[in-house]
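Reckoned from all heavy atoms, side chains included, excluding hydrogens, waters and symmetry mates. In this chain, residues are counted from 1 in sequence order.
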Amino acid sequence: MKVYGDMMSGNCLKVRYVADHLGLAYDWIPVDIMRGESRTPDYLARFPVGQVPGVVFDDGRTLAQSNAIIRYLARGSALLPEDPWVQAKIDEWLFWEQYNHEPTIAVCRFHMRYQAKPAETRDPKKVDGGEAALDRMERHLTAADWFVGDEVSIADVALFAYTQFADEGGFDLSGRPAIRAWLTRCGDALPHSATVARVA
């Protein structure tokens with residue numbers, strides 16, 4: 001399969017982490033979103049919404065949206081156990097990640113990392129939402145090593161992708177020891193994941 005993505009994007013890294021963890025063969029096709037490469041006619045012909053990541057499978061089928069992709073890739077593996085209730089709990093976190101976590105943590109990171117703007121100019125609502133998301137994660141991880149079950153799952157992959165870069169969005173993890181310990185566990189469990197030493 002071919003994975004179209006930007007290595008700076010947490011959403012794209014989700015796909016890389018899952019594929020590498022499962023030993024799936026793929027070609028990584030770099031897409032620079034800041035240069036408009038996800039808006040070219042060729043790219044839009046494959047992925048009409050113009051977002052990354054996008055996957056083209058060997059049979060020509062295409063799939064977009066990071067959590068849909070990792071859920072498909074992880075089927076039949078320990079990253080997505082077969083138990084329907086466990087899958088539902090994983091989905092609960094996947095939906096929350098895209099509705100409450102990514103739109104705050106990732107947006108603040110984009111503001112500071114991609115647009116090179118100071119933390120003081122972030123949208124206060126995004127900042128408050130990001131802090132609330134991190135607080136919820138801290139509470140959960142105080143009582144559990146992983147988000148669902150007793151080992152890493154795609155719920156952890158989805159939340160790890162941007163939480164590892166929370167400081168780049170102006171969020172302080174120093175007072176959230178449970179998150180920091182979980183980041184280390186994810187770093188150990190996921191091949192090629194970014195280092196988390198800088199937030200330890």
Side-chain angles (χ1 to χ4, degrees), residues 1-74 79 94-95 97-123 126-127 129-130 133 154 156-171 173 183 186-187 190-199:
M1 63 182 174
K2 294 180 179 180
V3 180
Y4 291 78
D6 185 332
M7 284 293 192
M8 292 281 288
S9 164
N11 283 329
C12 296
L13 289 175
K14 295 176 192 177
V15 179
R16 184 188 183 203
Y17 295 157
V18 169
D20 288 347
H21 183 81
L22 298 176
L24 302 177
Y26 64 92
D27 292 326
W28 183 274
I29 312 299
V31 179
D32 190 333
I33 61 174
M34 296 303 289
R35 293 184 178 180
E37 293 178 1
S38 64
R39 299 290 178 176
T40 65
D42 183 59
Y43 192 85
L44 292 172
R46 295 186 179 92
F47 309 106
V49 178
Q51 296 176 330
V52 290
V55 174
V56 178
F57 293 95
D58 292 343
D59 60 6
R61 291 182 299 170
T62 61
L63 188 61
Q65 298 300 319
S66 60
N67 288 350
I69 295 169
I70 64 173
R71 201 184 194 289
Y72 180 75
L73 295 180
L79 290 177
L94 294 183
F95 296 143
E97 186 267 340
Q98 283 292 285
Y99 191 81
N100 294 92
H101 183 279
E102 192 267 358
T104 55
I105 306 294
V107 168
C108 288
R109 178 182 181 239
F110 185 89
H111 181 86
M112 294 178 63
R113 179 70 183 268
Y114 281 83
Q115 298 181 320
K117 295 180 180 180
E120 295 75 18
T121 63
R122 294 173 299 166
D123 182 341
K126 298 294 185 184
V127 175
I154 57 172
D156 298 286
V157 174
L159 288 163
F160 174 73
Y162 278 113
T163 303
Q164 65 179 324
F165 300 125
D167 62 325
E168 295 183 1
F171 297 98
L173 298 182
L183 287 173
C186 287
L190 301 172
H192 306 300
S193 57
T195 178
V196 296
R198 56 194 173 80
V199 295

- Query: Is the shortest heavy-atom distance from the side chain of Gln65 to the side chain of Gln51 under 4.5 Å?
  - Reply: yes
- Query: Which heavy atom in Phe160 sits nearest to a heavy atom in Cys186, and how many Å separate them?
  - Reply: CD1-CB, 3.4 Å
- Evaluation steps, side-chain contact (heavy atoms from CB on, under 4.5 Å), between Phe171 and Ile105: CA-CA 8 Å; Phe171 297 98; Ile105 306 294; 3.9 Å; yes
- Assess the side chains of Lys14 and Ser66: does a donor N or O sit below 3.5 Å from an acceptor N or O? yes
- Do Val18 and Ile154 pass the side-chain contact (heavy atoms from CB on, under 4.5 Å) test, and can you show the C-alpha distance, the side-chain angles, and the key distance before you say yes or no? CA-CA 8 Å; Val18 169; Ile154 57 172; 4.2 Å; yes
- Message: Contact between Val3 and Arg16 at the side-chain level, heavy atoms closer than 4.5 Å - yes or no?
- Response: no
- Over all atoms of both residues, closest heavy-atom pair of Trp28 and Asp6: CZ2-N, 3.9 Å
- Kindly compute the distance separating SG (Cys12) from CD1 (Ile33), expressed to the nearest 0.5 Å. 7.5 Å
- Specify the closest pair of heavy atoms between Val56 and Phe47, including all atoms of both residues, with the distance to one decimal. CG2-CZ, 3.9 Å
- Message: Can you tell me how far apart OH (Tyr17) and CG (Leu79) are? Round to the nearest 0.5 Å.
- Response: 14.0 Å
- Roughly how far, to the nearest 0.5 Å, is CD of Glu102 from OG of Ser9? 8.0 Å
- To the nearest 0.5 Å, what is the distance between CZ (Arg109) and CD (Glu168)? 4.5 Å
- Indicate yes or no: at least one non-hydrogen side-chain atom of Val15 is less than 4.5 angstrom from one of Ile70. yes
- Interatomic spacing from CG in Leu183 to CZ in Phe165 - rounded to 0.5 Å: 10.5 Å
- Locate the shortest heavy-atom distance separating Leu13 from Gln164; write the atom from each residue and the value. CD1-NE2, 4.1 Å
- Hey, can you tell me if Tyr72 and Phe57 have their rings parallel, tilted or perpendicular (30° and 60° cut-offs)? perpendicular
- Message: For the backbone of Gly10 and the side chain of Tyr162, can you confirm whether one donor and one acceptor N or O come within less than 3.5 Å of each other?
- Response: yes
- Task: Drop me the distance from Lys117's NZ to Arg122's CZ, to the nearest 0.5 angstrom.
- Result: 13.5 Å
- Message: Let's go through Val107 and Asp123 carefully: what are the C-alpha distance in whole Å and the side-chain angles of both, what is the deciding distance for side-chain contact (heavy atoms from CB on, under 4.5 Å) to 0.1 Å, and is it a yes or a no?
- Response: CA-CA 9 Å; Val107 168; Asp123 182 341; over 6 Å; no
- Taking every heavy atom of Gly50 against every heavy atom of Leu44, the minimum-distance pair comes out as CA-CD2, 3.5 Å
- Query: When the ring planes of Phe110 and Tyr114 are compared, do they come out parallel, tilted or perpendicular, using 30° and 60° as the limits?
  - Reply: parallel
- Message: Using the rule given for side-chain contact (heavy atoms from CB on, under 4.5 Å), can you reason through Thr121 versus Gln115, listing the C-alpha separation, both sets of side-chain angles and the distance that settles it, and then say yes or no?
- Response: CA-CA 11 Å; Thr121 63; Gln115 298 181 320; over 6 Å; no
- Can you name the nearest heavy-atom pair linking Tyr43 to Gly54, along with the distance? OH-N, 4.0 Å
- Residues, nucleotides or ligands: over 12 heavy atoms within 6.0 Å of Tyr99 OH: no
- Message: Quick check against the 3.5 Å criterion: does Thr163 have a side-chain atom that pairs as donor or acceptor with the backbone of Leu159?
- Response: yes
- Any donor-acceptor pair under 3.5 Å from Asp58 side chain to Met1 backbone: yes
- Considering only NZ, NE, NH1 and NH2 on the basic side and carboxylate oxygens on the acidic side, decide whether Asp32 and Arg35 come within less than 4.0 Å. yes
